[in-house]
Every structure is written in C-alpha cells, then in structure tokens.
Amino acid sequence: HWHTIKVKPGDNLAKIFSALGVRREELAHLFHLSHVRQIMISLRPKQELKVLLGAGQKLEQLIYPLSITRSLAISRHGEQFVSKIIEQPL
C-alpha cells in the first residue's frame, strides 16, 4: 500500500516511519545505504516522500525527490535494500 507523506517541520525518517507503524529495524537496515544518511539530513518541509509498505508494515520502497526530474528510489531485495536514481523527462 503506497503512502504519500508531506514532510512537516521537525520531521525525520525515524519519526515518519514510526507514524506509519514501520519497525525501527527497517530503518536500521536502510542505514547501510549512504543515500539514506543524506535523506535524513536533507528532509525539508513540504517535500513529498512516497512509501510502499507490504505485509506487517514492512518497508518495500521509498521514493525521495532529488529535483523536478530526478528521484532516489530505495527498494527491498530480500532483507537488503538497494538504491537507484530515477530520471523522468519534463
């Protein structure tokens, strides 16, 4: 089930995941990716994150906008996460 999250002042990924019912262990797995650390420090109010949750509120995918044409997609592969940049033409 996809969720669109509008970032509010003071939000961070831990707070957002907690509000969605995502376990802390999921966030810990994400921290193995350097891109996630960048997201944690660069979240800005009014940004929109897209979060796909599976059974048991397991994080399946996170889409983070980098610019108007680029997004960072973080996806689950088994118990690991991988990231890629998605380019979208204007």
Side-chain angles (χ1 to χ4, degrees):
H1 182 254
W2 279 101
H3 299 269
T4 299
I5 309 300
K6 192 168 215 172
V7 177
K8 297 178 217 134
D11 275 355
N12 59 47
L13 282 181
K15 189 174 181 180
I16 290 168
F17 283 5
S18 177
L20 291 171
V22 176
R23 296 183 356 212
R24 288 180 159 252
E25 291 82 8
E26 295 288 288
L27 187 57
H29 286 297
L30 284 178
F31 275 117
H32 293 286
L33 299 174
S34 62
H35 297 305
V36 174
R37 289 187 286 275
Q38 293 171 340
I39 291 172
M40 290 291 285
I41 61 173
S42 64
L43 281 180
R44 295 182 310 275
K46 299 186 181 178
Q47 275 183 312
E48 285 193 355
L49 304 177
K50 294 186 186 334
V51 178
L52 176 63
L53 299 179
Q57 297 304 92
K58 257 190 162 177
L59 179 67
E60 297 296 331
Q61 191 168 29
L62 169 69
I63 308 289
Y64 175 75
L66 299 170
S67 70
I68 198 163
T69 60
R70 297 175 71 216
S71 295
L72 172 64
I74 299 171
S75 303
R76 175 183 294 281
H77 286 274
E79 290 302 314
Q80 302 293 322
F81 289 96
V82 296
S83 65
K84 68 178 178 178
I85 302 293
I86 300 171
E87 302 272 349
Q88 303 217 354
L90 285 176

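Bear in mind the structure is a predicted one, so any value in this text is a computation, not a measurement.
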Would [X] and [Y] show up in the same hydrophobic cluster when neighbours are defined by side-chain heavy atoms closer than 4.5 Å?
{"X": "Leu27", "Y": "Ile74", "answer": "yes"}
{"X": "Leu49", "Y": "Ile86", "answer": "no"}
{"X": "Leu43", "Y": "Leu66", "answer": "yes"}

Apply the test side chain to side chain contact (heavy atoms under 4.5 Å, CB included) to residues Leu59 and Leu20: give CA-CA distance (whole Å), side-chain angles for both, the deciding distance (0.1 Å), then the verdict. CA-CA 10 Å; Leu59 179 67; Leu20 291 171; over 6 Å; no

Out of Val51, Leu30, Leu53, which residue meets the side chain to side chain contact (heavy atoms under 4.5 Å, CB included) rule with Val22?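 That would be Leu53; it is the only one of Val51, Leu30, Leu53 passing the side chain to side chain contact (heavy atoms under 4.5 Å, CB included) with Val22.
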
Which one of Ile5, Thr4, Leu62 satisfies the side chain to side chain contact (heavy atoms under 4.5 Å, CB included) criterion with Lys50? Thr4

Separation of [Y] [atom2] from [X] [atom1] (nearest 0.5 Å):
{"X": "Ile16", "Y": "Lys6", "atom1": "CD1", "atom2": "NZ", "answer": "13.0 Å"}
{"X": "Glu60", "Y": "Phe81", "atom1": "CD", "atom2": "CZ", "answer": "7.5 Å"}
{"X": "Glu26", "Y": "Arg76", "atom1": "CD", "atom2": "CZ", "answer": "4.0 Å"}

When you look at Ile85 and Leu72, which way does the side chain to side chain contact (heavy atoms under 4.5 Å, CB included) test go after all the steps? CA-CA 5 Å; Ile85 302 293; Leu72 172 64; 4.0 Å; yes

CA sep, side-chain torsions, deciding dist, call: Val82, Gln80, side chain to side chain contact (heavy atoms under 4.5 Å, CB included): CA-CA 7 Å; Val82 296; Gln80 302 293 322; 5.7 Å; no

Answer yes or no: are there more than 12 heavy-atom neighbours, outside Glu87 itself, under 6.0 Å from its atom CD?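 More than 12 heavy atoms, drawn from other residues, nucleotides or ligands, come within 6.0 Å of this atom.
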
What is the minimum heavy-atom distance between Asn12 and Lys15, and which atoms define it? OD1-N, 2.7 Å

Applying side chain to side chain contact (heavy atoms under 4.5 Å, CB included) to Phe17 and Arg24, what does each step give before you reach the verdict? CA-CA 8 Å; Phe17 283 5; Arg24 288 180 159 252; over 6 Å; no

Electrostatic pair Glu25-Lys58, nearest N-O below 4.0 angstrom: no

Do Gln47 side-chain atoms and Arg44 backbone N/O form a donor-acceptor pair below 3.5 Å?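 Yes, because the side chain of Gln47 sits within donor-acceptor range (under 3.5 Å) of the backbone of Arg44.
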
